[in-house]
Amino acid sequence: MTAEPPGSLVTEGVRSLEVRWIFPGQLETAVAGWFGRFPARTESRVDTYLLDPQLPGLSVKVRGGGALEVKAYRGSPGILEVPGRARGRMESWQKWSFPCSPLSQHSASPAGWRPVRKRRRISQFPLSSGQREARPPGLGRQPRCEVELTEVRACGQDWWTLGFEATGPAGLLRGELQATVALVFAQVLPGGVEPGPDEARSYAQWLGQRPGAGSDAVA
């Protein structure tokens, strides 16, 4: 993997406010149906995260084999809560993306890196005239909150995640995130699932807490 020199292809830093819950096991059909009431696109990819050396406050990954992404943690504005439905810590991030040569899909990951296979369902909620309406992704940089329900394969195990990422003007991020979470959780998650603080974490934090045993062959 080689990052290309800085230039016009390097995207500028993007500020975001996020909350993500990560659960063990396979995604239940009922949960997929719960999310399916919103229009969404589906994509599959492998993201490879840098775990060693540890970089406090940073998340580094190769996204889908074609971009090196660096995210810097900017603190938390507090707890997001939908009473009786979900509760988790909000995280502020700033992200940069650099084009890079892809990692080989047919060999082991370089030392210190861990592949995570993802199948993502993604919907976007733009902020327009005070109204919230889910739309498929493809809205450029206008203020929005992206919601994803993702099946994950990592460390030889199955997991699934529900994540919210608000982007846009800094003064709108918290309102975007809270409004979208409230809308999505207007219907309770099936199966008695109630996302809480114990499940709320970033991918980088979650992977850093996982044991190194196990392997993920990438087909």
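Just so you know, these numbers use all the heavy atoms, side chains as well, and skip hydrogens, waters and symmetry mates.
A pairwise comparison of heavy atoms in A200 and Q205 identifies O-OE1, 4.4 Å as the closest pair. Residues C145 and L177 come closest through the heavy atom pair SG-CD1, 4.1 Å. The minimum heavy-atom distance between V62 and C100, with the atom names listed, is CG1-SG, 4.2 Å. Between G25 and W160, the shortest heavy-atom distance links the atoms O-CD1, 3.5 Å. Here the closest non-hydrogen pair linking W159 and A154 is NE1-O, 4.2 Å.
In this structure a side-chain-to-backbone donor-acceptor pair under 3.5 Å is present from R174 to P77. Checked by atom type and distance alone, the side chain of W21 pairs as donor or acceptor with a backbone atom of R87 at under 3.5 Å. Panel note: side chain E176, backbone R144; a donor-acceptor pair is recorded below 3.5 Å. Not one N or O on the side chain of Q178 forms a donor-acceptor pair closer than 3.5 Å with the backbone of G175. Without hydrogens or angle criteria, D47 side chain to G64 main chain gives a donor-acceptor distance under 3.5 Å. Judged by distance alone, the side chain of R85 and the main-chain N or O of F185 form a donor-acceptor pair under 3.5 Å.
Two residues are said to be in side-chain contact when any heavy atoms from C-beta on lie closer than 4.5 Å; I122 and T150 fail this criterion. Between L173 and S16 the shortest side-chain heavy-atom distance does not fall below 4.5 Å. For the pair Y73/S202, no side-chain contact is recorded, criterion being any heavy-atom separation below 4.5 Å from C-beta on. Side chains of D158 and R153 form a contact here, defined as non-hydrogen atoms less than 4.5 Å apart. S97 places none of its side-chain heavy atoms less than 4.5 Å from the side chain of R63. The shortest distance between side-chain heavy atoms of L189 and E194 does not fall below 4.5 Å.
For the atom pair R74 CZ and W93 CH2, the distance stands at 10.0 Å (nearest 0.5 Å). To the nearest 0.5 Å, atom OG of residue S123 and atom CG of residue L149 are 11.0 Å apart. The OG atom of S76 lies 8.0 Å from the CG atom of L17; values are rounded to the nearest 0.5 Å. To the nearest 0.5 Å, atoms OG1 (T180) and CD (E165) are separated by 12.0 Å. Atom NZ in K61 sits 5.0 Å away from atom CD in E69 (nearest 0.5 Å). Atom CG in L50 sits 9.0 Å away from atom CG in L68 (nearest 0.5 Å).
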Donor-acceptor pairs under 3.5 angstrom involving side-chain atoms of residues 32-39: please list them, not counting sequence neighbours.
{"residue": "W34", "atom": "NE1", "partner": "Q187", "partner atom": "O", "Å": "2.8"}
{"residue": "W34", "atom": "NE1", "partner": "V188", "partner atom": "O", "Å": "3.3"}
{"residue": "R37", "atom": "NH1", "partner": "W34", "partner atom": "O", "Å": "2.8"}
{"residue": "R37", "atom": "NH2", "partner": "V184", "partner atom": "O", "Å": "2.4"}

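I79 is not connected to V19 by any chain of hydrophobic side-chain contacts under 4.5 Å among Ile, Leu, Val, Met, Phe, Trp and Tyr, and they are in different clusters.
One finds a salt bridge joining R89 and E91 here, because a Lys/Arg side-chain nitrogen approaches an Asp/Glu carboxylate oxygen to under 4.0 Å. E18 has a carboxylate O that lies under 4.0 Å from a charged side-chain N of K71, or vice versa, which qualifies the two as a salt bridge. Between K118 and E43 there is no salt bridge, since no side-chain N of the basic residue sits under 4.0 Å from a carboxylate O of the acidic one.
Aromatic rings of W113 and Y49 (six-membered ring for Trp) have centroids beyond the 6.0 Å cut-off, not under it.
Within 6.0 Å of the CD atom in E151, the count of heavy atoms belonging to other residues, nucleotides or ligands exceeds 12.
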For a salt bridge (charged side-chain N to carboxylate O under 4.0 Å, His left out) check, start with the C-alpha distance between E148 and R20, then their side-chain angles and the critical distance, and finish with the verdict. CA-CA 9 Å; E148 65 169 66; R20 175 181 301 279; 3.1 Å; yes

